[in-house]
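The structure appears right after this line, and notes come after that.
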Amino acid sequence: QVQLVESGGGLVQAGGSLRLSCAASGRTFSTYAMGWFRQAPGKEREFVGAISRGGVSTYYADSVKGRFTISRDNVKNKMYLQMNSLKPEDTAVYFCAALKGDWGTRDTSGYDYWGQGTQVTVSS
């Protein structure tokens, strides 16, 4: 069992930055690939990016590529999402998710555990 807790959300002006954290419980964090997703009001949950369980490989949705960076610290059992050059369309609830295995996926159904989400609001 893995419990995930996101933090770091808030209100920021367009062009600004935020850093989200995802803290995982348990001793098996390094056996999970991790992903970030987001969901805006009235929209489906969408993939933001993912990181391999060792932290070597990452990949991103085209909409955030070059602006967002995912990293993880397997000693601290944490994953991060650094968000730069934020746009109003980045406004959403951001979720972290864990997948047992080496690689993440864009598919929400591939993940075993989810956090409760943290709100990010970008004002224009």
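Annotation for Glu89: atom CD counts as buried by contact number, over 12 foreign heavy atoms lying within 6.0 Å.
Under the side-chain contact (heavy atoms from CB on, under 4.5 Å) test applied with Phe68, the options Asn84, Leu86, Leu20 reduce to a single match, Leu86.
Thr69 places none of its side-chain heavy atoms less than 4.5 Å from the side chain of Tyr80. Between Gln39 and Phe95 the shortest side-chain heavy-atom distance falls below 4.5 Å.
Interatomic distance, Arg19 CZ to Ser71 OG, rounded to the nearest 0.5 Å: 6.0 Å. Atom OG1 of Thr121 sits about 11.0 Å away from atom CG of Asp90, to the nearest 0.5 Å.
Using bins of under 30°, 30° to 60° and over 60° for the plane-to-plane angle, the ring pair Tyr113/Tyr32 lands in the perpendicular bin.
Counting all heavy atoms, side chain and backbone alike, Tyr59 lies closest to Thr105 at OH-CA, 3.0 Å. Phe37 and Thr108 make their closest contact through CE2-CG2, 3.5 Å (heavy atoms, listed as atom of the first residue, atom of the second, distance).
Residue Ile70 is grouped with residue Val2 when hydrophobic side chains (ILVMFWY) are merged at heavy-atom distances under 4.5 angstrom, including chains of intermediate members. Linking ILVMFWY residues whenever their side-chain heavy atoms come closer than 4.5 Å, directly or via other members, places Trp36 and Met83 in the same cluster.
For an aromatic pair to be called close, the ring centres must be under 6.0 Å apart, and Tyr111 with Phe47 fails this.
Residues Asp102 and Ser52 have side chains that never bring a donor and an acceptor to within less than 3.5 angstrom of each other.
Side chain of Glu6 to main chain of Cys96: a donor-acceptor pair is present (N/O by atom type, distance under 3.5 Å, no hydrogens or angles).
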